[in-house]
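First up is the structure itself, then whatever we jot down about it.
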There are 2 protein chains.
Amino acid sequence: MSTPLAHIVDDDEAIRDALTWLFRTKEVASAEWDSAEEFLAAWQPDWRGCIVLDIRMREMSGLECFDVLQERGNTLPVIFLTGHGDVPMAVSALKKGAFDFLEKPFEDNALVDVVIRALANDAKRQASQATQVSVTNHLALLTPREQEVMNLVLAGKFNKVIADELNISMRTVEVHRARVFEKMGVRSAVELAQLLAPSRDKGSGSSGEH
Amino acid sequence: MSTPLAHIVDDDEAIRDALTWLFRTKEVASAEWDSAEEFLAAWQPDWRGCIVLDIRMREMSGLECFDVLQERGNTLPVIFLTGHGDVPMAVSALKKGAFDFLEKPFEDNALVDVVIRALANDAKRQASQATQVSVTNHLALLTPREQEVMNLVLAGKFNKVIADELNISMRTVEVHRARVFEKMGVRSAVELAQLLAPSRDKGSGSSGEH
DNA sequence: GGCTCAATTGTGGTCATCCGCAGTGTGGAA
DNA sequence: TTCCACACTGCGGATGACCACAATTGAGCC
């Protein structure tokens with residue numbers, strides 16, 4: 001598990017140093033990358049924190065870097081910095097999920113505020129996703145038959161009906177049911193339903209709404 | 001129930017007419033408003049569709065109008081049009097929840113595409129919220145005591161325990177419990193938990209994440 | 001061939017839920 | 001005052017859920 005870092009991606013060393021210094025004075029841990037390529041090569045999906053991304057860089061631009069990150073399933077908030085951004089660029093970036101878009105020159109405090117909000121945002125997202133992952137792991141412990149029974153239990157059916165649908169005895173259903181509760185760490189069907197309710201999507205898996 | 005309309009809010013009659021004509025050729029129903037004030041005076045929370053909002057107008061600006069709408073709980077997607085927008089303005093609008101931000105001059109087709117996406121977006125949001133509203137309405141039918149019992153049932157507690165906590169008899173709990181199921185249109189605690197799971201927020205009620 | 005694990009089933013009993021029947025008390029609306 | 005919604009209660013029975021004890025079968029593994 002990595003500590004949350006504000007990743008500064010900029011090919012201008014003077015700016016990187018200034019930002020690093022700025023963040024350090026505000027007690028925000030940061031890391032420096034002098035190109036999008038270098039950053040992308042190092043990037044890991046389990047990194048925490050946020051990304052401060054300059055748009056104009058010598059090789060790959062910040063926008064291209066952002067696209068690659070999104071394809072790879074990045075969840076870190078991305079804050080764009082730009083010297084001469086135009087409106088369509090900013091709109092496009094935000095609609096694609098960027099966290100913020102700042103034009104130079106910006107106030108130091110403004111950037112720090114945004115970064116701190118981004119870090120908080122990521123921490124919250126991370127926390128809410130942790131329980132989700134835990135649930136998925138527990139779910140993986142269930143045998144196929146147990147999952148089958150669990151789904152029917154969650155459909156609100158009686159053991160008798162479940163037994164009938166699966167062509168097994170009621171007693172067997174009871175055993176599976178008990179094992180499901182045990183493995184999932186709950187004590188009743190109600191708790192199970194609440195545990196699984198937020199993670200039960202049957203629709204499309206697309207993330208953006210634009 | 002109102003039909004979905006693209007509300008054009010602009011004090012320039014020539015532009016309104018052009019947009020109305022444009023939308024009509026694309027079979028998008030629209031309405032015209034020649035000032036933010038007039039639109040706000042007419043606005044109703046149950047309107048469906050989207051809002052095409054010019055930023056620079058004689059009296060109240062589009063941005064101010066947007067703020068008022070957000071305060072009133074507007075859910076319609078808002079598409080900003082502007083002649084000379086700057087990046088901070090666009091970023092601020094989008095972060096506050098605007099659907100899109102277009103600079104003039106824009107392609108007719110680009111605007112129509114955005115409007116159509118906005119209409120689809122609203123329709124989807126509307127549909128998913130309809131069931132939510134239904135649940136809330138059913139919830140409102142419950143007497144205070146019934147809601148109390150329901151919450152304890154959802155906490156996975158036995159009737160016996162609930163009776164104890166409320167200092168009433170088990171039989172009374174059973175009666176309330178049965179009424180809850182009846183009024184909510186479910187047949188078991190599991191169904192109730194699933195029905196209410198997505199709408200159970202205990203945290204802050206803020207809408208934006210920025 | 002033993003070993004483990006998943007899946008299966010039965011018996012008998014305890015506890016919880018659900019429900020009909022029957023009744024009391026209170027406060028507000030007609 | 002009469003009527004009604006709400007909350008409350010007891011009894012007894014039917015049904016469902018849960019559990020300890022006990023056991024069989026088949027698949028995969030050392």
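Throughout, protein chains are lettered first and strands after them, A, B, ... in sequence-line order, and every chain is numbered starting at 1.
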task = Tell me, please, which residues at least two apart from A:Arg16 pass salt bridge (Lys or Arg N to Asp or Glu O under 4.0 Å).
result = A:Glu32
remark   = Value for OG (B:Ser61) from CG (B:Leu53), rounded to nearest 0.5 Å, stands at 8.0 Å
key: Residues which pass side-chain hydrogen bond (donor to acceptor under 3.5 Å, both in side chains) with A:Glu148, listed by chain and number, not counting sequence neighbours   = A:Arg145
request  = Could you go through the salt bridge (Lys or Arg N to Asp or Glu O under 4.0 Å) check for A:Asp67 and A:Lys96 one step at a time?
outcome  = CA-CA 9 Å; A:Asp67 286 341; A:Lys96 280 194 229 165; 3.0 Å; yes
inquiry  = Within residues 141-148 of chain B, which residues have any heavy atom lying less than 4.0 Å from an atom of DNA chain D?
reply    = B:Thr143, B:Pro144, B:Arg145
inquiry  = Just N and O in the side chain of A:His176: are any of them under 4.0 Å from OP1 or OP2 of C:dT8?
reply    = yes
task = Examine distances only and state if a side-chain atom of B:Gln194 and a backbone atom of A:Ala193 form a donor-acceptor pair shorter than 3.5 Å.
result = no
inquiry  = Can you tell me if A:Ser169 touches the phosphate of C:dT9, counting only side-chain N or O atoms and a distance under 4.0 Å to OP1 or OP2?
reply    = yes
Nearest-Å distance for atom pair CD1/P, residues B:Ile162 and C:dA16 = 12 Å
query = Which nucleotide, C:dT9, D:dG16, D:dT9, lies nearest any side-chain atom of B:Ile168?
reply = D:dT9
inquiry  = Applying ring pair (Phe, Tyr, Trp, His ring centres under 6.0 Å), can you list everything that pairs with B:Phe66, at least two apart in sequence or on another chain?
reply    = B:Phe80
inquiry  = Expressed as a whole number of angstroms, how long is the span from B:Lys160:NZ to C:dT14:C1'?
reply    = 11 Å
Rounded to 10 degrees, the angle between the two terminal axes of the helix from C:dG1-D:dC30 to C:dA30-D:dT1, each from five pairs = 40°
ask   = Could you state the NZ-P distance from B:Lys157 to D:dA17, rounded to the nearest angstrom?
value = 23 Å
ask   = Take atom CD in A:Glu165; do more than 12 heavy atoms of anything else shown fall under 6.0 Å from it?
value = yes
key: Residues in side-chain hydrogen bond (donor to acceptor under 3.5 Å, both in side chains) contact with A:Thr172, at least two apart in sequence or another chain   = A:Ser169
remark   = In whole angstroms, the gap separating C1' of C:dA16 from CG of B:Leu152 amounts to 17 Å
Can you give me every donor-acceptor pair (side chain of residues 72-79 of chain B, partner residue at least two apart or in another chain, under 3.5 Å) with its distance?
from, atom 1, to, atom 2, distance (Å)
B:Arg72, NH1, B:Leu40, O, 2.9
B:Asn74, OD1, B:Leu76, N, 3.0
B:Asn74, ND2, B:Leu76, O, 3.0
B:Thr75, OG1, B:Arg48, NH2, 3.3
B:Thr75, OG1, B:Arg125, NH2, 3.0

query = Out of curiosity, A:Lys124 NZ to A:Leu119 CG, how far, rounded to the nearest 0.5 Å?
reply = 13.5 Å
inquiry  = Applying side-chain hydrogen bond (donor to acceptor under 3.5 Å, both in side chains), can you list everything that pairs with A:Asn109, at least two apart in sequence or on another chain?
reply    = A:Lys26
request  = Not counting sequence neighbours, list each pair that qualifies as a side chain to side chain donor-acceptor pair (under 3.5 Å) and has a residue in residues 179-191 of chain B.
outcome  = B:Glu146-B:Lys183
Nucleotides 3-5 of chain C: which of its N/O atoms have a protein N/O under 3.5 Å away?
none

ask   = Rounded to the nearest Å, what distance is computed from the CZ atom of residue B:Arg179 to the C1' atom of nucleotide C:dC19?
value = 12 Å
remark   = Under a 4.0 Å heavy-atom criterion, the protein footprint on nucleotides 18-23 of chain D, written with B, S and -, is BBBB--
key: Partner set under side-chain hydrogen bond (donor to acceptor under 3.5 Å, both in side chains) for B:Trp33, not counting sequence neighbours   = B:His7
